[in-house]
Number of protein chains: 2
Amino acid sequence: MITRDSGPQPADFADVRATNLAVVLRHLRSHAPCSRADIAATTGLNKATVSSLVTDLIDRRLVREVGMTENRIGRPAMMLVLDGSPYAAVGLEINTDYLTAVALDLAGERLLSWRRAFTGTPGQPGQAIASLAALARRAVAKLERENRQVLGLTVAVPALVDADGIVELAAGLGWHQVDLRKSLTAALGDPPYPLMVENDANLAVLAEQRLGDEAGTSDLVYLTGGSSLRAGIICDGRLLRGARGFAGEFGHLPLDPAGPPCGCGRRGCLEAYAGLDAVIRQALPDAALSPSEFGPHVDEIHRLAKAGDAQVLAALTEVGRRLGHGISMLANLINPACVTLGGYFTVLAPWLIPPATAELESRSVAAQCGGTRIVASALDSSAAAAGGATRVLDAIDAGVLPPPQGAPAAR
Amino acid sequence: MITRDSGPQPADFADVRATNLAVVLRHLRSHAPCSRADIAATTGLNKATVSSLVTDLIDRRLVREVGMTENRIGRPAMMLVLDGSPYAAVGLEINTDYLTAVALDLAGERLLSWRRAFTGTPGQPGQAIASLAALARRAVAKLERENRQVLGLTVAVPALVDADGIVELAAGLGWHQVDLRKSLTAALGDPPYPLMVENDANLAVLAEQRLGDEAGTSDLVYLTGGSSLRAGIICDGRLLRGARGFAGEFGHLPLDPAGPPCGCGRRGCLEAYAGLDAVIRQALPDAALSPSEFGPHVDEIHRLAKAGDAQVLAALTEVGRRLGHGISMLANLINPACVTLGGYFTVLAPWLIPPATAELESRSVAAQCGGTRIVASALDSSAAAAGGATRVLDAIDAGVLPPPQGAPAAR
DNA sequence: ATCTTTAGTTGGGACGGTAAACGAACTAAT
DNA sequence: ATTAGTTCGTTTACCGTCCCAACTAAAGAT
C-alpha cells in the first residue's frame with residue numbers, strides 16, 4: 001500500500017521510499033514521542049528500515065531525538081519527535097472585511113495568528129491582492145527571522161476556485177475570473193515555496209480534520225456561517241472538489257420554491273433563510289445591515305439569546321430548522337459522520353443544533369442506522385487560514401518532503 | 001506514484017510490482033492491441049521492465065500474444081491483448097420482480113446475460129437468497145464448463161448496504177438487517193472467489209464509468225429510475241460511499257415541505273414526484289399499480305409520449321422539472337461532470353432531459369462556468385449486475401491479480 | 001557477576017527498476 | 001545481392017530499498 005494517488009503512473013523505489021518516509025512521519029505526528037522500535041512494531045516496517053528512514057528524516061530536519069526513556073527493563077529507547085523549529089507552513093484568508101494570516105510549524109503548533117481589518121473595492125482585485133501580498137511578506141519575513149524555511153503558502157478565498165487557482169466567482173468580494181495565484185505569485189516575486197489558492201470552506205474542513213474536535217474523522221463536512229454558506233466536504237479522507245472544483249455550494253440549495261428572494265436571484269435558497277444577513281434581519285429587525293457591523297450584531301444576538309429573548313430564540317430555532325433541512329440533503333447524498341458549524345453558527349450553536357438535529361433526523365433516510373452528528377466547530381474565525389497551513393502540512397505527510405540539506409526545493 | 005490506496009500501511013517491492021503490473025494491464029485494456037515497446041513509450045516504464053511485467057502477465061494468463069505487425073520499417077512488433085478466455089467476473093442483481101446475472105471476461109466482453117422473473121416475500125429473505133444462490137451456481141457452472149476461473153462475484157441490492165455487506169434496509173424487498181454476504185457465502189459453500197454485496201446504484205455507476213457512453217469520466221453520477229431513486233456517485237474516480245456507506249439516497253431529498261406524501265412517511269420527497277409509482281400515477285391515472293406491471297406501464301407511457309398525448313407530455317415535463325430540481329442539489333453539493341439517467345428514465349429521457357436541464361441551469365450556482373450535463377444511460381436494465389462484474393475487474397486493474405498457476409488464490 | 005530484556009545497528013540477500021549494449025527482423029537504398 | 005537504417009525485445013550489469021538474522025549496547029533482575 002503506497003501513499004500517493006493512483007493513476008497511470010508507474011511506481012519505482014523512490015515511491016516506496018517516499019511512502020515509507022510519510023508513514024513514519026504520520027506515525028510520529030500522532031504518536032510522538034516514540035522510539036524507533038515503537039514505530040517498527042506499530043507500522044510493520046522492519047527495524048532496520050525504520051532506522052534508515054529516521055536517519056533520513058533527521059537529515060532533512062523533520063525529526064529530532066529528544067532523550068532516552070528510563071526506569072525500564074532492557075536498553076533505554078531514544079525518543080523521537082517531529083522537529084518543529086526549521087520549517088513553517090503559512091495560510092492566508094481574504095474575506096470581505098478582514099485578512100488573516102496563520103503559520104503552523106511541522107507539529108501543528110501555531111507560530112503566528114494575525115488579523116487585520118480590510119475593505120476591498122468590488123471589481124478591483126488589484127488593491128486587495130497588494131494588501132494580501134503585504135501581509136504575506138510580513139509573515140514570511142517574521143518566520144525567516146526565526147530561521148524557518150517556509151514550506152508553502154495557501155490562500156483561502158470565499159469563492160468558487162478552480163483547480164488552477166483561478167477565482168471564478170467571489171460574490172462577496174465582487175471578483176470574477178481573477179487569476180489570484182498568478183497575481184500573488186508575481187506580487188511576491190516568484191517565491192521559492194509553492195503557492196496555492198483554495199475555497200475557504202475546503203480549507204476550513206481540512207483544519208477541522210487535523211486540528212478540530214473531530215480530528216481524524218474521514219467523512220466530515222464544515223459549513224461556513226457568514227453572509228454566504230459554503231460546505232467543505234471530506235469524503236473517505238479526501239477533499240471533494242467535483243469536476244470543476246465547484247462542489248460544496250451549500251448556500252444555494254433550493255429549499256422552498258415559494259421562499260424569500262436570495263441574493264443570487266432565485267427564491268428559497270438556504271442562504272436566504274440561514275445566511276448571516278437573513279439571520280440578523282430575523283433576529284434583530286431594527287438593525288441596519290452593514291458588513292462591518294456583523295460582529296457586533298452576532299454578539300448582540302448571542303446576548304439576547306442567553307437572556308431568553310423570545311423573538312431571537314424563535315428566529316434561531318427557525319434558522320436551525322432550515323439548517324437541518326439543508327444538512328439533511330448533505331446527509332442523504334453524502335452521508336458524512338459529522339457536520340461542523342463554523343462562522344457565526346459556532347457562537348449560536350447551542351440554539352441552532354437542537355432544532356437542526358431534530359429536522360435532520362426527521363428527514364434523512366439513514367437517521368436510524370447511522371445518522372450524521374451536527375456539532376459546533378472548535379476552531380475560531382481563523383479556521384480557513386489555519387486550513388491553508390494545514391494543506392501544506394498535508395503535502396508533507398503525503399510524502400513530498402523538503403530535501404536533506406540546502407539543495408533547491410523540488411517544486 | 002503507486003496504485004493502491006493511501007493509509008498507514010508501508011510499501012514494499014510487492015506494491016511496486018503490483019502497481020506496475022496494473023499499469024500495464026490498464027494500458028492494455030484501453031490501448032489493445034499494442035506492443036511491449038508501445039507500452040514502454042507510453043507509460044514511461046523501461047523496456048526491460050515492461051518485458052518482465054508482460055512475461056508475468058502472460059504466466060498469469062491475463063495477457064496473450066496475438067501476432068506480429070507487418071509492413072513497417074524496423075523489426076515487427078509482437079502485439080499483445082488482454083486474454084479474455086481463462087477468467088470471468090460475475091455480477092448479480094436482485095430486485096423486487098427479477099433477478100439478473102451478468103458475466104464479463106477480462107476484456108469486458110459479455111459472457112452471459114440472464115434475467116429471470118422473481119417474486120420475493122417481504123420479510124422472508126431466505127427464499128430470495130436461495131433463488132439468488134441457484135442463479136449464481138448456474139452461472140458459475142456454465143463459466144466453469146468453459147474452463148474459466150471465476151475471479152469474483154458481486155451482488156447488487158436495491159438497498160442501504162454497509163461496508164461489510166450487510167443489507168441494512170431494503171424497502172422494496174422488505175428486508176431489514178440481512179447479512180446477505182454471509183448467507184450467500186454459506187449457500188454457495190464458501191466459494192474460492194471473493195463475494196461482495198453492494199448498493200445497485202453504486203454498481204451501476206461503476207458500469208457506467210467503464211462501459212457506458214461516459215466511460216472514463218472521473219466525476220459521474222448514475223440515477224436509478226424505479227420505484228425508488230438512488231444515486232451512485234463517483235468523485236475523483238472513486239465511489240462515494242459516505243461514513244456508513246449510505247450516501248446517494250437521492251429519492252428522499254426533500255423538495256417541498258408541502259408536497260405529496262412519500263412511502264417513507266415524509267412529504268415532498270423527490271421520489272414522491274419522480275419515482276416510478278408517481279410517474280405512472282400522473283401519466284396514466286387509470287392504470288392499476290402493481291409491481292409486475294411496471295414494464296408495460298412504462299412502454300405505454302413511452303408510446304403515448306411518442307404519439308404526443310398531452311397529459312403524458314405534461315406529466316413527463318413535470319417529472320423532468322422535479323428531477324432537475326433534485327439534480328441541482330447534486331450539482332451544487334458534488335459538482336459532477338455528468339448525471340446519467342438509468343431505469344425507466346432511460347426510455348423516457350427525450351421528454352425528461354430538456355425540462356430537467358432547464359431546471360438545473362436555473363438552479364445551480366456553477367451552471368455558467370462548469371455545469372453538469374444530464375444524459376440518458378447507454379446501459380440497459382442489467383447495468384447494476386454489469387457493474388457488479390465491473391467491480392471485480394476494477395480489483396484486477398488495481399493490482400490484485402490471480403496467481404501465476406494453479407496456486408491457491410489470495411483472499 | 002551473570003542473566004534477561006529491549007533498542008538499535010550491521011551485513012548479506014533478494015527483488016525490482018534502470019540503462020546501455022546487443023541480436024533479431026524487417027524495410028529501403030544501392 | 002549487399003548494405004544501411006530502423007525498431008523490437010532481451011540480456012547484462014548496476015543500484016537502491018527492504019527484509020532477515022545476527023550482532024552490539026545498555027539497562028534491570030537474579
Side-chain angles (χ1 to χ4, degrees), chain A residues 1-4 9-24 28 31 33-59 63 65-80 399 401 404, chain B residues 1-4 9-24 27-28 31 33-59 63-80 399 401 404:
Chain A
M1 303 298 170
I2 295 200
T3 297
R4 313 227 196 137
Q9 282 84 3
D12 64 8
F13 298 115
D15 296 304
V16 174
R17 188 67 171 178
T19 299
N20 289 341
L21 285 167
V23 166
V24 172
L28 225 36
H31 296 84
C34 63
S35 68
R36 292 168 174 81
D38 291 338
I39 297 171
T42 314
T43 62
L45 286 161
N46 190 275
K47 280 199 301 174
T49 307
V50 171
S51 276
S52 157
L53 293 166
V54 166
T55 303
D56 203 341
L57 292 171
I58 289 174
D59 286 348
V63 166
E65 298 184 326
V66 288
M68 316 287 274
T69 52
E70 285 167 28
N71 299 326
R72 288 196 342 201
I73 301 179
R75 173 176 166 179
M78 175 60 75
M79 302 310 274
L80 305 167
L401 304 184
Chain B
M1 301 299 169
I2 295 200
T3 296
R4 313 231 193 133
Q9 281 85 2
D12 64 7
F13 301 115
D15 296 305
V16 174
R17 190 66 173 178
T19 299
N20 290 341
L21 286 167
V23 165
V24 172
H27 181 84
L28 226 35
H31 296 84
C34 64
S35 69
R36 292 168 174 81
D38 291 339
I39 296 172
T42 314
T43 62
L45 284 161
N46 191 279
K47 282 198 299 176
T49 307
V50 171
S51 276
S52 157
L53 293 167
V54 167
T55 303
D56 204 339
L57 291 172
I58 289 175
D59 285 348
V63 166
R64 200 161 33 99
E65 300 182 326
V66 288
M68 316 288 275
T69 52
E70 287 167 28
N71 300 325
R72 288 195 343 201
I73 301 180
R75 172 177 165 180
M78 176 59 75
M79 302 310 274
L80 305 168
L401 305 184

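Chain naming here is simple, since letters A, B, ... match the order of the sequence lines and numbering starts at 1 in each.
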Any side-chain heavy atom of [X] within less than 4.5 Å of one from [Y]?
X	Y	value
A/Val24	A/Thr43	no
B/Thr19	A/Pro10	no
B/Arg36	B/Glu65	yes
B/Arg64	B/Leu80	no
B/Leu28	B/Val54	no

Output a table of nitrogen or oxygen pairs between the protein and nucleotides 3-7 of chain D separated by less than 3.5 Å.
residue, atom, partner, partner atom, Å
D/dT7, O2, B/Arg75, N, 2.9

Give me the atom names and distance for the closest heavy-atom approach of [X] to [Y].
X	Y	result
A/Ser35	A/Ala77	CB-CB, 3.5 Å
B/Val16	A/Val16	CG2-CG2, 2.9 Å
A/Arg17	A/Ser52	NH2-OG, 2.7 Å

Worksheet, complete the sentence: Here the salt bridge (Lys or Arg N to Asp or Glu O under 4.0 Å) pairs for residues 38-49 of chain B, sequence neighbours left out, are none
Worksheet item: When rounded to the nearest 0.5 angstrom, what distance separates CG in A/Asn20 from CG in A/Asp15?
Response: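 Reported to 0.5 Å precision, the distance equals 11.0 Å.
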Item to complete: Could you tell me whether A/Met68 contacts a base, only the sugar-phosphate backbone, or nothing, with contacts defined as non-hydrogen atoms closer than 4.0 Å?
Response: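 Counting heavy atoms under 4.0 Å across all strands, no contact is made by A/Met68.
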Worksheet entry | For B/Thr49, side-chain hydrogen bond (donor to acceptor under 3.5 Å, both in side chains) partners two or more places apart |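 For B/Thr49, no residue satisfies side-chain hydrogen bond (donor to acceptor under 3.5 Å, both in side chains) once neighbours in sequence are set aside.
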Rounded distance (Å) that lies between atom [atom2] of [N] and atom [atom1] of [X]:
X	N	atom1	atom2	value
A/Ile39	D/dC18	CD1	P	14 Å
B/Asp38	D/dC8	CG	P	7 Å
B/Glu65	D/dC8	CD	P	15 Å
B/Lys47	C/dA24	NZ	C1'	12 Å

Can you pull every protein N or O that's under 3.5 Å from an N or O on nucleotides 12-14 of chain D?
none

For nucleotides 14-17 of chain C, give me every protein contact, N/O to N/O, under 3.5 Å, one pair per line with atom names.
residue, atom, partner, partner atom, Å
C/dG17, OP1, B/Asn20, ND2, 2.7
C/dG17, OP2, B/Arg17, NH1, 2.7

Practice prompt. Go through A/Val23 and A/Leu53 one step at a time and tell me if the side-chain contact (heavy atoms from CB on, under 4.5 Å) criterion holds.
Written response: CA-CA 10 Å; A/Val23 166; A/Leu53 293 166; over 6 Å; no
Practice prompt. Determine to 10° how strongly the helix from C/dA1-D/dT30 to C/dT30-D/dA1 is bent, judged from the axes of its five-pair ends.
Written response: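 For the helix from C/dA1-D/dT30 to C/dT30-D/dA1, the axes at either end differ by 20°.
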